[in-house]
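We use all heavy atoms of the structure for the numbers below, so side chains are in, but hydrogens, waters and symmetry mates are not. Index from 1, following the sequence. These numbers come from a predicted model, not from an experiment.
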Amino acid sequence: MPFPALSLHGLRKAYGDVIAVDDLDLEVLPGECFGLLGPNGAGKTTTIEICEGLTPPDAGEVLVLGERWGRGSSHLRERLGVSLQETQFSEKLTVTETLELFRSFYRKPRPLEDVLASVQLGEKRNGRVGQLSGGQKQRLALACALVADPELFFLDEPTTGLDPQSRRQLWDLIDGVKRAGRTVVITTHYMEEAERLCDRVAIVDHGKVIALGTPRHLIAALGAQHFIEFSIGEEQPSLTDADLLRLDGALSIRRQEDSYLLESAQAHRTIPALLVLLGARGLQLARLRTHSATLEDVFVHLTGRTLRDG
């Protein structure tokens, strides 16, 4: 069995009294896309920076492609592709000039034309970086990570701030990296992104792994197939948890400011029962929305907070 592409054991990093990474253990297999999920401040970026050799850990062991960071690790850097959470390029350089600069850092870089084609920036080759859109700049950042044809990619929040179309374009590019047999480690707080790209995910909160597995496995472990979010008029009396848990198929109830969130194993039974209950109490439904269980629901179930709460 091949050694893991990335192996972390007992990893710890603190900044004063703030513990960013707390005794974290992880293994990433060769050829898989592995996601680190969690809110801002969960320790994702610190973990990635330690893996990239940018930040030393306070304790623990890090093996990247079977090697430890230390003096004379320049050869290891040539085996990695890194796209930081925010990349600052010189806006007066052209796309070609930027890529040639990054190609000069490696002994055997990929041909420029291959890199441009892989990120669909051929038409922008002579355009200045300052004239690129947000999505094009993110593709350029990925291109800079591709120039060495690395074995292992670290992508830190690669689609933050992008519009939906640009985000999906970048997903297609990352899919191409996966199909080429490369290993990808990605941090994100977009659950749709993780479900779309990742073979396995680790949900991180306060520097600890609180769940680990495939997206499908983690969602299935909830036991809830659907979530029903609804609200009633502000002037109307509230419903009790006991009322709602008696509904057919209901598994749990959580209140969110002015709304209720019901976990249900059988939404087609729970929703009619809910409407009957509201009618019997003379209550008017103000809003009703349903969705299938997601990784966001897994995080809320484990922590009682949404990813956006931080």
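At least one side-chain heavy atom of D149 sits under 4.5 Å from a side-chain heavy atom of R182. In this structure, L80 and F153 have side chains that are not in contact, with every pair of non-hydrogen atoms separated by 4.5 Å or more. A 4.5 Å side-chain heavy-atom check between F154 and C51 finds at least one atom pair inside the cut-off. Under the 4.5 Å side-chain criterion, counting only non-hydrogen atoms from C-beta, R110 is in contact with L146.
None of T183, L36, V64 except one satisfies the side-chain contact (heavy atoms from CB on, under 4.5 Å) rule with V28; the exception is T183. With L197 as reference, I186 is the one residue of L170, I186, V177, T159 to meet the side-chain contact (heavy atoms from CB on, under 4.5 Å) rule. For the salt bridge (Lys or Arg N to Asp or Glu O under 4.0 Å) with D172, the qualifying choice from R167, R179, R196 is R196, the only one to do so.
Residue pairs that meet the ring-ring contact (aromatic ring centres under 6.0 Å, His included) test with at least one member in residues 92-140, sequence neighbours left out, are F102-F105.
Closest non-hydrogen pair, P150 versus G81, comes out as CB-N, 3.3 Å. Among all heavy-atom pairs drawn from A211 and L218, the shortest one is CB-CD2, 4.0 Å. Across every non-hydrogen atom of F89 and C144, the tightest pair is CE2-SG, 3.7 Å.
Side chain of S104 to backbone of L101: a donor-acceptor contact under 3.5 angstrom is found. K44 places a side-chain N or O within donor-acceptor distance of the main-chain N or O of G38, the cut-off being under 3.5 Å. D25 places a side-chain N or O within 3.5 Å of a backbone atom of G10 that can act as its donor or acceptor partner. Using modelled atom types, one side-chain atom of Q138 and one backbone atom of P158 make a donor-acceptor pair closer than 3.5 Å. Distance alone, capped at 3.5 Å, places no donor-acceptor pair between the K13 side chain and the I19 backbone. Remark: side-chain polar atoms of E32 are paired, donor with acceptor, to backbone N or O of L29 under 3.5 angstrom.
Within 6.0 Å of NE2 in H291 there are more than 12 heavy atoms belonging to other residues, nucleotides or ligands. More than 12 heavy atoms of other residues, nucleotides or ligands lie within 6.0 Å of NZ in K137, so this atom counts as buried by the packing criterion. More than 12 non-hydrogen atoms from other residues, nucleotides or ligands lie less than 6.0 angstrom from CZ of R287.
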Exercise. Run the numbers on E78 and R107 for salt bridge (charged side-chain N to carboxylate O under 4.0 Å, His left out), then give the verdict.
Key: CA-CA 8 Å; E78 295 209 15; R107 289 173 295 177; 3.3 Å; yes
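In summary, the side chains of D156 and T45 do present a donor paired with an acceptor at a separation below 3.5 Å, with no hydrogens or angles considered. Side-chain polar atoms of Q266 and H226 form no donor-acceptor pair below 3.5 angstrom. Defined by atom type and a distance below 3.5 Å, a donor-acceptor pair is missing between the side-chain atoms of S231 and S259.
Ion pairing between R255 and D241 holds under the 4.0 Å rule for side-chain N and carboxylate O.
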